[in-house]
Amino acid sequence: SHSCAKKYFSEYKFVNKKVNLERVLGIRIVIIFMTLNSKPDQMKTILVIGAGRSSSSMIRYFLNNAEQENWYIRVGDMNLEMAQDKVGEHPRAEAFQFDALNEDSRRAELQKVDFVVSMLPASFHVEVVKDCIDMKINVITPSYVSEEMKELDGAAREAGIIIMNEIGVDPRIDHMS
């Protein structure tokens, strides 16, 4: 994991002047997180729950690096058109209508993925994270750590997964997307 971090940060370059420093650093954290305990030749499926404005840069980054990193990106949102706008016609991605609050739908989608980024409003993360713990899937949320999330720490450790919340740096760099 340390060598993974060293690799990504040593290769860090601005390719496009429009790239925002905090977004790139946050997305790099996601990449480092995702590659822990991964099998290098196996495609990883990433589920992004929520296609709102906060997820735009992150989804774009995932799509731009999907082939190189061997990722398949699934973007689910209640608003199918919004998810489709983010994914476009990318060959390594798909958009789908998704009600993350419906437990059966949520668990069915989680069975298909290796990694989850929940971009839902903070109050909805707990149920997603509980399912991720049960299914042993690493998960990231951009939200601050609530008391409910703190209570899940022991279960996550027992399941051998990582839940990463509040990964920005205050002030200004508020989250990874």
Side-chain angles (χ1 to χ4, degrees), residues 1-9 25-52 54-55 58-59 61-62 65-66 69-78 83 92-170 173-177:
S1 58
H2 173 68
S3 62
C4 180
K6 184 176 177 183
K7 172 188 170 202
Y8 282 111
F9 284 105
L25 289 176
I27 292 168
R28 288 293 185 199
I29 290 168
V30 172
I31 291 170
I32 292 164
F33 176 75
M34 284 181 52
T35 57
L36 296 173
N37 303 319
S38 68
K39 296 177 180 132
D41 297 333
Q42 186 178 18
M43 182 180 290
K44 293 289 182 188
T45 301
I46 303 168
L47 173 61
V48 178
I49 303 174
S54 293
S55 64
M58 178 186 60
I59 292 169
Y61 182 86
F62 284 159
N65 291 278
E69 299 293 339
N70 203 17
W71 296 334
Y72 187 77
I73 317 302
R74 292 180 47 79
V75 179
D77 195 281
M78 290 284 292
R92 286 185 171 246
E94 68 181 292
F96 62 101
Q97 190 165 22
F98 182 50
D99 178 2
L101 304 182
N102 179 302
E103 182 180 0
D104 293 335
S105 296
R106 185 176 61 241
R107 290 183 66 85
E109 286 303 323
L110 290 175
Q111 289 178 356
K112 302 174 189 176
V113 303
D114 300 295
F115 180 77
V116 175
V117 181
S118 176
M119 297 300 290
L120 295 170
S123 60
F124 301 128
H125 292 312
V126 172
E127 295 306 315
V128 171
V129 171
K130 284 179 180 177
D131 288 341
C132 286
I133 290 169
D134 185 48
M135 301 170 90
K136 299 183 184 328
I137 302 169
N138 293 331
V139 61
I140 286 182
T141 79
S143 300
Y144 292 107
V145 181
S146 65
E147 287 303 315
E148 294 87 359
M149 293 296 278
K150 286 180 186 178
E151 292 172 6
L152 299 175
D153 181 65
R157 289 175 189 265
E158 190 174 308
I161 69 161
I162 299 171
I163 301 169
M164 191 175 287
N165 296 276
E166 193 180 356
I167 62 173
V169 179
D170 284 329
I173 304 173
D174 62 347
H175 62 71
M176 84 235 157
S177 66

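Along the sequence shown, residues carry numbers from 1.
When all heavy atoms of Ser54 and Met119 are compared, the pair lying nearest together is O-CE, 3.5 Å. Scanning all heavy atoms of the two residues, the minimum distance from His125 to Ser143 falls at NE2-OG, 2.9 Å. When every heavy atom of Leu110 is checked against every heavy atom of Ile137, the shortest pair comes out as O-CD1, 3.3 Å. Between Ala83 and Asp77, the shortest heavy-atom contact is CB-CB, 4.1 Å. What you find for Val75 and Ala51 is that their closest heavy atoms are CG1-CB, 3.8 Å.
Counting only heavy atoms from C-beta outward, the side chains of Ile49 and Glu109 never approach each other to under 4.5 Å. Within the 4.5 Å cutoff, the side chain of Arg92 has no heavy atoms near those of the Ile73 side chain.
Counting only distance, with no hydrogens or angles, the side chain of Asp114 and the backbone of Thr45 share a donor-acceptor pair below 3.5 Å. Asn138 places no side-chain N or O within donor-acceptor distance of the main-chain N or O of Phe115, the cut-off being under 3.5 Å. Side chain of Ser105 to backbone of Asp99: no donor-acceptor contact under 3.5 angstrom is found. The backbone N or O of Glu94 sits nowhere less than 3.5 Å from a side-chain atom of Arg74 that would complete a donor-acceptor pair.
By the 4.0 Å N-to-carboxylate-O rule, Asp153 lies close enough to Arg157 to be salt-bridged with it.
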**OP:** Decide side-chain contact (heavy atoms from CB on, under 4.5 Å) for Val126 and Met149; before the verdict, give the C-alpha distance in whole Å, the side-chain angles of both, and the deciding distance to 0.1 Å.
**Re:** CA-CA 6 Å; Val126 172; Met149 293 296 278; 3.7 Å; yes
**OP:** Could you walk me through whether Val128 and Arg106 pass side-chain contact (heavy atoms from CB on, under 4.5 Å), step by step?
**Re:** CA-CA 8 Å; Val128 171; Arg106 185 176 61 241; 3.7 Å; yes
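Annotation: the span from Arg107 atom CZ to Lys130 atom NZ amounts to 12.0 Å, rounded to 0.5 Å. In this structure, the separation between OG on Ser118 and CD1 on Ile163 is 11.5 Å, given to the nearest 0.5 Å. For the atom pair NZ of Lys136 and CD1 of Ile161, the computed distance is 8.5 Å after rounding to the nearest 0.5 Å. Atoms OH and CD, from Tyr61 and Glu69 in turn, are 6.5 Å apart once rounded to the nearest 0.5 Å.
Ring geometry for Trp71 versus Phe62: interplanar angle over 60°, hence perpendicular rather than tilted (30 to 60°).
Just one residue in the list Thr141, Val139, Ile140, Val129 forms a side chain to side chain contact (heavy atoms under 4.5 Å, CB included) with Asn165, and that residue is Thr141.
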